[in-house]
Amino acid sequence: MIRVPQELEAEWNALTRSTVDLIPEEEFLERLQAARKNRTPLRVKYGVDPSAPDLHLGHTVPIRKLKQFQDFGHQVIFLIGDFTARIGDPTGKSETRKRLTKEQVDSNARTYLEQIFKLLDEAKTQVVYNSTWLEKMTFSDVIELSSKYTVARMLEREDYKKRFKDEKPIYVHEFLYPLMQGYDSIALRSDVEIGGTDQKFNILVARELQREYGQSPQIILTLPILIGTDGMNKMSKSLNNYIGITEPPQEIFGKAMSIPDRLMADYLELTLGYAPDEVAGLMRSVEQGKLHPRDLKARLARELVATYHSATAAKAAEEEFNRVFRERDIPTDIQETTLRCEDAKLWIVKLLVQAGFAKSNREARKLITAGAVCLNTEKITDQDYEVSTGQHVLKVGKRRFLRVTVT
RNA sequence: GGAGGGGUUCCCGAGUGGCUAAAGGGAACAGACUGUAAAUCUGUCGCCGGACGGCUUCGGAGGUUCGAAUCCUCCCCCCUCCA
């Protein structure tokens, strides 16, 4: 354990909280001390790939950390990896990511920034694009850069090591990615780089490269990867297990309520910034039966809505949620539509299709057979059912409602 | 350049002439139970039709056959090893 001077304790505790790696710890402390003494804020780098413009809670984990740095007066540098995005990051998944055009990248970046400033202080954030320096590099610059790192060291990365061992291909340009990211750190002269644990290797490479280029190597600070609502995989848009920060209150609340219980502790800590001992205390209450897990999760859901919308919206979302899912009542605010019918009756299958709940008659039939269709709180199991004229409330599945008037 | 292996429905993966819209698993969707949790159980799971019928799938194009994912020919793509 290292000894933290009293005057730095608050800062130290806040910045190191909920981190996975902090390398090297002593050096971080020294830099914090120097920063304070010389009144020169640390340059804290965080890079993103602007390929998907919608931010979700997973992204907010490192961003919250940046905010903490910002609050302690450090310089946050938000790096948009526009150059990287235009080439397509090969990491992980087999399918090569689509290359983005300059226009797409620009537009994504704008959306991205709009969203991060919900959490970060815009005036105190420096936004940079890595094409600024990477695009200008010549082939000799690239060779110069590649000569600073060895294949053996590249193969230390778990992902590469495994593929190498399994005789799976590793493309040469994949080796270039960590180098490019490392060069970003050199160009920015960063003191600290933040990232998810999946970025640990790349951030470490940057450290070595900085040393080679005569800079003092950056501190590495990694944060846990947030698991998505499916309880299995990293939160991501493509897996559709995400909670987007621009989603409507009702959605955020509902999705938060649907996460597995075992994720609650992580979410409290990582998405709301609860202190680890507070989380531990809450979880203990749950285990001892003093606190119902549902209530704790509702608190989580409420606070998330409050963060990205407002306390009022949170309250409303919770009331609506209880109304629909606990009391199995119909929502207060449901869409309405009017459908015409031929002879005073409308076939249920047609109704479902016309209402937009099924793309075809077959799909509609499937829903009916599955018992997913309710008309005025009554379950419809007969495929030949005919709906009479008048107003009805149609429910499909657990959460799709529609007020239909048949004329 | 040489040798070998392989491309099957969202994913993994069986299937080597008809019983195959294609096993099994996963994912997904729906139902029961519940706390929109977990676990479990059940159903659906190529597309279309007021449904006993039709249409389209097994890398692509041709061919053999009454009949092909399965056999033949050519082509495309991927992987491994040797150089």
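Labels below follow one simple rule: chain letters A, B, ... track the order of the sequence lines, proteins then strands, and each chain is numbered from 1. Every value quoted in this text rests on a predicted model; they were computed, and no experiment measured them. Both backbone and side-chain heavy atoms feed into the values below; hydrogens, waters and symmetry mates do not.
When the side-chain nitrogen and oxygen atoms of A:Lys398 are compared with OP1 and OP2 of B:rG31, one or more of them lie within a distance under 4.0 Å. An OP1 or OP2 oxygen of B:rC48 is reached within less than 4.0 angstrom by a side-chain nitrogen or oxygen of A:Ser360.
Using cut-offs of 30° and 60° on the angle between ring planes, the pair A:His59 and A:Tyr112 is perpendicular. The aromatic rings of A:His56 and A:Tyr242 sit tilted relative to each other, their planes meeting at an angle between 30° and 60°.
Summarising the base pairing, B:rG67 is matched to no nucleotide, lacking a Watson-Crick or G-U wobble pair whose two defining distances lie under 3.5 Å. As the counterpart of B:rC10, B:rG26 is assigned, both hydrogen-bonding distances of the Watson-Crick or G-U wobble pattern falling under 3.5 Å. Pairing partner, B:rU40: B:rA32, with both Watson-Crick or wobble hydrogen-bond distances short of 3.5 Å. Across all strands shown, the partner of B:rG1 is B:rC82, judged by Watson-Crick or G-U wobble contacts whose two distances both fall under 3.5 Å. Figure legend. B:rC19 is base-paired to no nucleotide; pairs are counted as Watson-Crick or G-U wobble with both atom distances under 3.5 Å. If you check B:rU73 for Watson-Crick or wobble pairing at under 3.5 angstrom, you find it paired to B:rA61.
A distance of about 23 Å separates the P atoms of B:rU20 and B:rG13, rounded to the whole Å. The gap from the P atom of B:rG17 to that of B:rG1 amounts to 35 Å, rounded to the nearest Å. For the C1' atoms, the distance linking B:rC58 with B:rC11 amounts to 16 Å, nearest Å. Annotation: B:rU56 and B:rC75 have their C1' atoms spaced 24 Å apart (nearest Å). Between B:rU16 and B:rU80, the distance separating the two C1' atoms is 24 Å to the nearest Å. B:rG63 and B:rA69 have their P atoms separated by 15 Å, given to the nearest Å. Between B:rU70 and B:rG43, the two P atoms lie 33 Å apart (nearest whole Å). B:rU34 and B:rA28 have their P atoms separated by 23 Å, with the value rounded to a whole Å.
Looking at A:Thr19, its side chain never comes within 3.5 Å of a backbone N or O of A:Leu221 through a donor-acceptor pair. Between the side chain of A:Ser310 and the backbone N or O of A:Ala313, at least one donor-acceptor pair lies under 3.5 Å. Judged purely by atom type and a 3.5 angstrom limit, A:Gln210 uses its side chain to pair as donor or acceptor with the backbone of A:Ser190. The backbone N or O of A:Phe69 sits nowhere less than 3.5 Å from a side-chain atom of A:His74 that would complete a donor-acceptor pair.
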**Prompt:** What string of B, S and - do you get for nucleotides 41-46 of chain B 5' to 3' if you count protein non-hydrogen atoms under 4.0 Å?
**Reply:** ---SS-

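When each of A:Val373 and A:Pro260 is assigned the nucleotide of RNA chain B with its nearest heavy atom, A:Val373 is the one assigned upstream, toward the 5' end. Heavy-atom nearest nucleotides on RNA chain B were determined for A:Gln383 and for A:Met257, and the one closer to the 5' end corresponds to A:Met257.
Closest to the side chain of A:Ala372, from the set B:rA30, B:rG50, B:rG35, is B:rA30. Of the listed nucleotides (B:rG50, B:rA37, B:rU34), B:rU34 has the atom at the smallest distance from the side chain of A:Arg328. For A:Pro293, the side-chain atoms get nearest to B:rG35 when compared with the rest of B:rG50, B:rA37, B:rG35.
A:Asp261 contributes a side-chain N or O that forms a donor-acceptor pair with the base of B:rG35 under 3.5 Å.
Within the 4.0 angstrom heavy-atom criterion, base atoms lie near A:Arg365. The residue A:Glu386 sits close to a base: some heavy atom pair falls under 4.0 Å. Backbone-only contact: A:Lys379 has heavy atoms under 4.0 Å from sugar-phosphate atoms and none from a base. Using a 4.0 Å heavy-atom cutoff across all strands shown, A:Lys255 reaches no nucleic acid atom at all. A:Leu263 comes within 4.0 angstrom of no nucleic acid atom, judged by non-hydrogen atoms across all strands. A:Gly254 comes within contact range of at least one nucleobase, with a heavy-atom separation under 4.0 Å.
In this entry the distance linking CG of A:Asn233 with C1' of B:rA27 reads 10 Å, nearest Å. Regarding A:Arg323, its CZ atom lies at a distance of 20 Å from the C1' atom of B:rG35, rounded to whole Å. In this entry the distance linking CD1 of A:Ile259 with P of B:rG35 reads 18 Å, nearest Å. Here B:rG50 presents its P atom at 16 Å from CG of A:Leu367, a figure rounded to the nearest Å. In this structure, A:Arg399 places its CZ atom 13 Å from C1' of B:rC29, rounding to the nearest Å. When rounded to the nearest whole Å, the span between CG of A:Leu291 and C1' of B:rA37 equals 14 Å. Counting to the nearest Å, the P atom of B:rA30 and the CD1 atom of A:Ile380 are 18 Å from each other. Residue A:Asn240 contributes atom CG, which lies 13 Å from atom C1' of B:rC10 at whole-angstrom precision.
Side-chain atoms of A:Glu303 and A:Tyr274 include a donor-acceptor pair closer than 3.5 Å. Counting only N and O atoms by type, the side chains of A:Gln70 and A:Thr125 include a donor and acceptor under 3.5 Å apart. Checked by atom type, the side-chain pair A:Glu336/A:Thr405 shows no donor-acceptor distance below 3.5 Å.
For A:Tyr385 and A:Trp347, the distance between ring centers is not under 6.0 angstrom.
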